Engineer: 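A single structure is presented below for examination.
No hydrogens, no waters, no symmetry mates; every other heavy atom, side chains included, goes into these values. These numbers come from a predicted model, not from an experiment.
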Amino acid sequence: MNFRLKTNTQTAETLKVLQNSTGLTPNILSRIGISLSVQQPDQPQLVDSDKNGLEFNRNTLTGDHDYFYKSLIRQHAKQEISEESYFPGLFNAHLTRGVKILNEEYKHSGNFSKLLMNLIKTSEENLKGV
């Protein structure tokens, strides 16, 4: 069982920029990114980590909610997924795609307050569809 995840350079750089802009730590930004990624209907592309990426401990990213994240990702995949496929593979794929989406949302919003308002609005709209 793997308990370490390393991002690629682009994701690491985007997380640092978002951290500087929002004041949120990379692990919180990653969690938001994953929630944005699983809203997309298609599967994310698997990514290769590299030596310049950020390294995370699994517990730092999922905390006491690891089962919740695995369930979200399994439900998104619409199939059972093995532990080896889930972390770091699919988790990192969702993190990478989600951070890109979050960065675009931030650019579109223009500032942190507007980003939060847009994320809340998106969440409310998604809940109406349930």
Engineer: Name all pairs fulfilling the side chain to side chain donor-acceptor pair (under 3.5 Å) condition that reach into residues 9-18, sequence neighbours left out, sorted by first residue then second.
Structural biologist: N8-T11, T9-D50
Engineer: Do the non-hydrogen side-chain atoms of P44 and T96 ever get within less than 4.5 Å of each other?
Structural biologist: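 They are not in side-chain contact.
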Engineer: Rounded to the nearest 0.5 Å, what separation is found between the CD1 atom of I34 and the CG atom of L72?
Structural biologist: 9.0 Å
Engineer: Which heavy atom in K6 sits nearest to a heavy atom in K51, and how many Å separate them?
Structural biologist: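 Nearest heavy atoms, K6 then K51: NZ-O, 3.4 Å.
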Engineer: I'd like to know whether T7 forms a side chain to side chain contact (heavy atoms under 4.5 Å, CB included) with L95, so could you lay out the CA-CA distance, the side-chain angles of the two residues, the decisive distance to 0.1 Å, and finally the verdict.
Structural biologist: CA-CA 8 Å; T7 68; L95 186 153; 4.1 Å; yes
Engineer: Please lay out, stage by stage, how R4 and R58 fare under the test side chain to side chain contact (heavy atoms under 4.5 Å, CB included).
Structural biologist: CA-CA 6 Å; R4 294 234 162 285; R58 182 173 177 166; over 6 Å; no
Engineer: Kindly give the heavy-atom pair with the smallest separation between T60 and R31, and that separation in Å.
Structural biologist: O-NH2, 3.0 Å
Engineer: To the nearest 0.5 Å, what is the distance between CG on L61 and CG on N57?
Structural biologist: 8.0 Å
Engineer: Distance from S37 atom OG to F91 atom CZ, nearest 0.5 Å?
Structural biologist: 10.5 Å
Engineer: Taking side-chain contact (heavy atoms from CB on, under 4.5 Å) as the definition, give me every residue that meets it alongside N20, ordered by chain and number, with sequence neighbours left out.
Structural biologist: none
Engineer: Just grab all the salt bridge (charged side-chain N to carboxylate O under 4.0 Å, His left out) pairs involving residues 68-80, residues at least two apart or on different chains.
Structural biologist: K70-E83, R74-E80
Engineer: Just verifying a value: how many Å separate I120 CD1 and L115 CG, rounded to the nearest 0.5 Å?
Structural biologist: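 CG of L115 is found 9.5 Å from CD1 of I120.
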Engineer: Can you pull out every ring-ring contact (aromatic ring centres under 6.0 Å, His included) where at least one residue sits in residues 63-85? Sequence neighbours excluded, please.
Structural biologist: H76-H94
Engineer: Between R97 and D42, is there a side-chain N and carboxylate O pair less than 4.0 Å apart?
Structural biologist: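 A salt bridge is present here (some side-chain N lies under 4.0 Å from a carboxylate O).
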Engineer: Report the residues that fulfil salt bridge (charged side-chain N to carboxylate O under 4.0 Å, His left out) with D64, sequence neighbours left out, ordered by chain and then residue number.
Structural biologist: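 So D64 forms no salt bridge (charged side-chain N to carboxylate O under 4.0 Å, His left out) with any residue.
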Engineer: Given 3.5 Å as the limit, does a donor-acceptor pair link the side chain of T62 with the main chain of N59, or not?
Structural biologist: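 Looks like no, no N/O pair under 3.5 Å.
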Engineer: Mind checking whether L18 and L119 sit in one hydrophobic cluster, side chains of I, L, V, M, F, W, Y counted as touching below 4.5 Å?
Structural biologist: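 Yes; tracing contacts between hydrophobic side chains, which count when under 4.5 Å, links both residues.
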Engineer: Over all heavy atoms of both residues, which pair between L5 and F87 is shortest? Give the atoms and the distance, please.
Structural biologist: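 Taking every non-hydrogen atom into account, CB-CZ, 3.7 Å.
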Engineer: What's the verdict on side chain to side chain contact (heavy atoms under 4.5 Å, CB included) for T122 and Q39, showing C-alpha distance, side-chain angles and the deciding distance?
Structural biologist: CA-CA 10 Å; T122 300; Q39 292 178 30; 3.7 Å; yes
Engineer: Looking only at heavy atoms, which two atoms of Q19 and T25 are closest? And how far apart?
Structural biologist: NE2-CA, 4.1 Å
Engineer: List the atom pairs, with distances to 0.1 Å, where a side-chain N or O of residues 101-109 and a protein N or O form a donor-acceptor pair under 3.5 Å, not counting sequence neighbours.
Structural biologist:
from: S109; atom 1: OG; to: E105; atom 2: O; distance (Å): 2.8
from: S109; atom 1: OG; to: N118; atom 2: ND2; distance (Å): 2.7

Engineer: What closest approach, in Å, do F112 and S21 show between heavy atoms, and which atom pair accounts for it?
Structural biologist: CB-O, 4.4 Å
Engineer: Measure the CD1-OG distance between I73 and S85 for me, rounded to the nearest 0.5 Å.
Structural biologist: 11.5 Å
Engineer: Under 4.5 Å between side-chain heavy atoms, hopping through other hydrophobics if needed: is there a path connecting L90 to F3?
Structural biologist: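 Per the 4.5 Å side-chain linkage, L90 and F3 are not co-clustered.
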Engineer: Looking at L54 and P26, what are the two nearest heavy atoms and their distance?
Structural biologist: CD1-CB, 4.3 Å
Engineer: Would you call T22 and I28 a side-chain contact if the rule is heavy atoms closer than 4.5 Å?
Structural biologist: no
Engineer: Taking a hydrophobic cluster as the set of Ile, Leu, Val, Met, Phe, Trp and Tyr residues connected by side-chain heavy atoms closer than 4.5 Å, whether directly or through intermediates, do L116 and V99 fall within one such cluster?
Structural biologist: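 Both belong to a single hydrophobic cluster.
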